[in-house]
Amino acid sequence: MGDTMISKDDYLYFVDEQLQAMIAMVLELGDALANQALDVPGSNSPYAILTHCLGVMEYWGGHVVAGRPSSRDRASEFRASGSVEHLVDRARAGQRQLQEDLIGSEPNRAVNNSPGDELRGSPMGKTQGGALIHIYEELARHRGHMDLTRDLLLARRG
């Protein structure tokens, strides 16, 4: 990442740590439980949480940082369901894509695509480094959500 305090490899280590933990959780839960949300308004299934995280990686890493086009449908990420095996394949492909998206990144350089007017003045909307930190922030936050959701789903199952 150029003149920075953290290397691309170190950054990816921390991102991958979050993603690998989420992959392990959906594998542990299997198709049935991974697709269940808690009986709490606004909660999301582990499947949907990981799908959302993949959308975060694609949009912020691919579109905002790397400059690729995006057709992200953020709202549909939270309604996603399906096969854990398919989701894990998508997550691993997302990891590889983020590695590629970081190749030409420079943390102090302006983003290649603005995330919109409401975020333009924020660190995540100004610099590639800010956008990359936002990816980690979202993955770490949602890993915590998934940890709690998994624990409660397993407890409910008995």
Side-chain angles (χ1 to χ4, degrees), residues 8 11-103 105 111-120 122-125 128-158:
K8 290 177 187 178
Y11 172 79
L12 288 169
Y13 171 86
F14 290 106
V15 167
D16 289 348
E17 183 179 54
Q18 302 306 313
L19 198 55
Q20 285 303 123
M22 289 188 276
I23 288 170
M25 283 185 259
V26 295
L27 286 169
E28 175 187 5
L29 292 169
D31 288 342
L33 286 178
N35 283 285
Q36 286 185 25
L38 300 173
D39 298 325
V40 176
S43 71
N44 297 293
S45 71
Y47 191 102
I49 294 169
L50 181 49
T51 299
H52 171 64
C53 288
L54 298 177
V56 166
M57 290 166 50
E58 183 279 324
Y59 180 79
W60 289 92
H63 181 68
V64 176
V65 173
R68 290 189 290 108
S70 175
S71 58
R72 182 183 187 198
D73 179 357
R74 186 179 182 279
S76 73
E77 295 165 8
F78 296 103
R79 295 186 305 271
S81 64
S83 153
V84 165
E85 181 181 351
H86 176 71
L87 180 61
V88 169
D89 289 345
R90 287 182 42 229
R92 291 188 175 134
Q95 278 181 294
R96 290 188 299 273
Q97 184 62 59
L98 185 61
Q99 289 172 354
E100 290 177 29
D101 290 338
L102 269 108
I103 290 173
S105 67
V111 296
N112 283 304
N113 285 310
S114 173
D117 290 339
E118 68 280 359
L119 297 174
R120 184 165 295 151
S122 70
M124 70 185 88
Q128 293 177 23
L132 292 172
I133 290 298
H134 181 60
I135 293 171
Y136 177 78
E137 170 189 40
E138 287 291 302
L139 268 60
R141 172 183 299 134
H142 291 303
R143 177 190 176 179
H145 293 159
M146 193 185 290
D147 278 328
L148 291 170
T149 301
R150 178 208 51 206
D151 291 350
L152 292 169
L153 286 170
L154 290 173
R156 182 171 70 186
R157 183 181 71 177

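Values in this document were obtained by computation on a predicted structure and should not be read as measured data.
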Test side chain to side chain contact (heavy atoms under 4.5 Å, CB included) applied to [X] - qualifying residues, sequence neighbours left out:
X	answer
Arg96	Arg92, Ala93
Asp16	Leu12, Gln95, Gln99
Thr149	Leu38, Pro46, Ile49, Leu153

Find out whether [X] and [Y] are in side-chain contact, i.e. whether some heavy atom of one side chain is under 4.5 Å from a heavy atom of the other.
X	Y	result
Met124	Val64	no
Leu54	Leu19	yes
Val26	Met146	yes
Leu154	Leu29	yes
Val65	Asp101	no
Asn44	His142	no

Open item on the list: Whether the side chain of Tyr11 engages the backbone of Leu132 through a donor-acceptor N/O pair (distance < 3.5 Å, no angle test) should be reported.
Closed with: yes
- Query: Counting distance only, does the side-chain N/O of Asp31 pair as donor-acceptor with the main-chain N or O of Val84 below 3.5 Å?
  - Reply: yes
Please give me the minimum heavy-atom distance between [X] and [Y], naming the atom from each residue.
X	Y	value
Phe14	Tyr136	O-CE1, 3.6 Å
Ala37	Ser45	CB-N, 3.8 Å
Pro115	Gly125	CG-CA, 3.7 Å
Gly67	Asn112	CA-CB, 3.7 Å

What verdict does the side chain to side chain contact (heavy atoms under 4.5 Å, CB included) test give for Gln36 and Leu152, after you've listed the backbone C-alpha separation in whole Å, the side-chain angles of each residue and the deciding distance to 0.1 Å?
CA-CA 11 Å; Gln36 286 185 25; Leu152 292 169; over 6 Å; no
Supply the atom-to-atom distance [X] [atom1] to [Y] [atom2], rounded to the nearest 0.5 angstrom.
X	Y	atom1	atom2	result
Ile135	Cys53	CD1	SG	11.0 Å
Arg141	His134	CZ	NE2	7.5 Å
Met22	Asp147	CE	CG	9.5 Å
Leu33	Glu28	CG	CD	9.5 Å
Phe78	Asp73	CZ	CG	11.0 Å
Gln128	Ser105	CD	OG	6.0 Å

- Using a cut-off of 6.0 Å, state whether more than 12 heavy atoms not belonging to Glu137 lie near its atom CD. yes
Applying ring-ring contact (aromatic ring centres under 6.0 Å, His included) to Tyr59 and not counting sequence neighbours gives His63
By ring-ring contact (aromatic ring centres under 6.0 Å, His included), His86 pairs with (sequence neighbours left out) none
Problem set entry | Worked check of side chain to side chain contact (heavy atoms under 4.5 Å, CB included) between Met25 and Leu50 | CA-CA 10 Å; Met25 283 185 259; Leu50 181 49; over 6 Å; no
The salt bridge (charged side-chain N to carboxylate O under 4.0 Å, His left out) partners of Glu58 (sequence neighbours excluded) come to none
Answer yes or no: is there an ion pair linking Arg74 with Glu77, defined by an N-O contact shorter than 4.0 Å? no
request  = May I have the step-by-step check of side chain to side chain contact (heavy atoms under 4.5 Å, CB included) for Gln97 and Arg68, ending in yes or no?
outcome  = CA-CA 11 Å; Gln97 184 62 59; Arg68 290 189 290 108; 3.4 Å; yes
Checklist line | Verdict with supporting geometry, Asp39 and Arg156, side chain to side chain contact (heavy atoms under 4.5 Å, CB included) | finding: CA-CA 11 Å; Asp39 298 325; Arg156 182 171 70 186; 3.2 Å; yes
